[in-house]
Amino acid sequence: MSIRIVRGNIVDAECDAVVNAANEHLMRGSGVCGAIFASADAERLEAACDAIGYTPAGNAAVTPSFGLEAEYIIHAVGPVWKGGYEGEYDILRKCYINALEAAGNCGASSVAFPLISAGVFGFPIEAAWETALFACRNSSLDICFMVLDDRILEAGLRILGNMNKKIVCFDNDNGLFECFSNWYRAPFKYAGRQYSSIETYMMIQKVEMFGEYELAEKIQKSDDAAEAKRIGRTPMKRFDAALWEEAGYNIVKRGVRAKFEQYPEYAEILKQTEGMEIAECNADDRIWGIGIGLDDDRRYDRKSWAGTNRLGRILMEVREELKEGLSYEDIDDVFDERLWDIRPSDMGGRYADAAATYRITLDYEQKYVFDTSRFGDMQNLPKAGFREMLQEICDIWRQECI
């Protein structure tokens, strides 16, 4: 498989199939679509498209080329850009994937693409390139993107070059990968509670760990990531930075995994980064990010990173775990009563790791109770983190039983 980006007219492409940036009715249009119809036998092509009829955005249909160098035309329907909040990234990603599948089903081994949706459909150029290149990177076909505009060509070559560095950089406002951010609004459920974002979830877990339940209520009511972070930084009498440092990683990972399990479209984007390192680019965050911003060229030089990139590491671990294919089920719906009879001291492996995240938040006497009691006899232990621990143990339980 190879991906190339060249300056040229797609109607002249020497490949098995060319992709038409089509509209939903597969009618002759402007831009790439108009050029393909003009270069082919338009009357026969129109008749073939009419026979197929309406094709929803994200889908692809095949016709003969009717006179082009290529044997087939793949009519791929991209989304109209509406600001990025109506599923445009997912639709465009599916558009490329379905076009590649259609080409493969025809027996094609090479295919030429335009930059779909980047013309009159209004998709931002860099976001269109990033979506296209990541959607195609795992294909077994030889792929050539053909464009006529030098500015679009240069943007594509730059993004392809960055992709070849095997590092995925993201922040909370950069198109395709912004769903990786803790600030990204993606309401999800964990252990019986609803959260508007990972940042909100993280801050609630943090303040509750140190007994600040009123702060947790304020965060829940605010429903805003920035406000959640501000409240979560409120000075707390019992706050222990070392304790949060030790427990926070797995607490956040629980939420991140649950989010991606509940949003398959985001999970697919995460899976498309397979084999690449993921880096949160935030110049102000040296714990969860790399301490370098998205506008800094040093982001592709690991030796220059000033942060520990905890969120990036979590995302890569979740990416691997998503291969297990287990969908999220809330503890209220799938809890197995047999778990009440288990003692944490009898558990090993992943179960013990899940229990340890809760155990390290307890004082000396509470640790003794936790180690020697059944889960069903722990009503007097702190509630913060207890149900979340049971949710993780329940997830592992289901996973091993399936």
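With sequence neighbours excluded, no residue satisfies salt bridge (Lys or Arg N to Asp or Glu O under 4.0 Å) with K165. Scored by the ring pair (Phe, Tyr, Trp, His ring centres under 6.0 Å) test, F134 finds F177 as partners (sequence neighbours excluded). Applying the side-chain hydrogen bond (donor to acceptor under 3.5 Å, both in side chains) criterion to R158, with sequence neighbours excluded, gives E126. Residues meeting the side chain to side chain contact (heavy atoms under 4.5 Å, CB included) test with E217, sequence neighbours left out: none. Residues satisfying the salt bridge (Lys or Arg N to Asp or Glu O under 4.0 Å) test with D16, not counting sequence neighbours, are none. The ring pair (Phe, Tyr, Trp, His ring centres under 6.0 Å) search around F37 returns none, not counting sequence neighbours.
Taking the side chain as every heavy atom from C-beta outward, M163 and L133 approach each other to under 4.5 Å. A 4.5 Å side-chain heavy-atom check between S109 and D142 finds every atom pair outside the cut-off. Residues R151 and I125 are in side-chain contact: their nearest non-hydrogen atoms beyond the backbone lie under 4.5 Å apart. Counting heavy atoms from C-beta outward, C169 and Y300 have side chains that approach closer than 4.5 Å. Between M389 and F375, some side-chain heavy-atom pair lies under the 4.5 Å cut-off.
Listed by first then second residue, pairs satisfying ring pair (Phe, Tyr, Trp, His ring centres under 6.0 Å) with a partner in residues 108-131 read W81-F123, Y89-F123, Y96-F113, F113-F145, W129-F145, not counting sequence neighbours. Contacts classified as ring pair (Phe, Tyr, Trp, His ring centres under 6.0 Å) and involving residues 225-251 (residues at least two apart or in different chains) are given here: F210-F239. Within the structure, the side chain to side chain donor-acceptor pair (under 3.5 Å) test picks out the following pairs touching residues 253-262 (sequence neighbours left out): K253-E317, K253-E321, R254-E392, R257-E261, R257-E321, R257-E324.
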Please list every donor-acceptor pair under 3.5 Å in which a side-chain atom of residues 338-345 meets a protein atom from a residue at least two apart or in another chain.
{"residue": "R338", "atom": "NE", "partner": "D336", "partner atom": "OD1", "Å": "3.0"}
{"residue": "R338", "atom": "NE", "partner": "D336", "partner atom": "OD2", "Å": "3.2"}
{"residue": "R338", "atom": "NH2", "partner": "D336", "partner atom": "OD2", "Å": "2.6"}
{"residue": "W340", "atom": "NE1", "partner": "E337", "partner atom": "OE1", "Å": "3.0"}
{"residue": "D341", "atom": "OD1", "partner": "R374", "partner atom": "NE", "Å": "3.3"}
{"residue": "D341", "atom": "OD1", "partner": "R374", "partner atom": "NH2", "Å": "2.6"}
{"residue": "R343", "atom": "NH1", "partner": "T372", "partner atom": "O", "Å": "2.4"}
{"residue": "S345", "atom": "OG", "partner": "D371", "partner atom": "O", "Å": "3.0"}

Report all side-chain donor-acceptor pairs from residues 65-80 shorter than 3.5 Å, counting only partners two or more places apart or in another chain.
{"residue": "S65", "atom": "OG", "partner": "A70", "partner atom": "O", "Å": "2.6"}
{"residue": "H75", "atom": "ND1", "partner": "N20", "partner atom": "ND2", "Å": "3.1"}
{"residue": "H75", "atom": "NE2", "partner": "T63", "partner atom": "OG1", "Å": "2.8"}

Which side-chain N or O atoms in residues 40-54 pair as donor and acceptor under 3.5 Å with protein atoms at least two apart or in another chain?
{"residue": "D41", "atom": "OD1", "partner": "E43", "partner atom": "N", "Å": "3.4"}
{"residue": "D41", "atom": "OD1", "partner": "R44", "partner atom": "N", "Å": "3.4"}

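Ring centroids of F260 and Y328 are separated by 6.0 Å or more, keeping the two rings apart. Between F370 and Y358, the gap from one ring centroid to the other is short of 6.0 Å. You'll find the ring centres of F188 and Y263 outside the 6.0 Å limit.
Residue Q391 is tested with I331, I396, D332 for a side-chain contact (heavy atoms from CB on, under 4.5 Å); the sole match is I331.
Heavy-atom contacts from other residues, nucleotides or ligands closer than 6.0 Å to CG of N380 number 12 or fewer.
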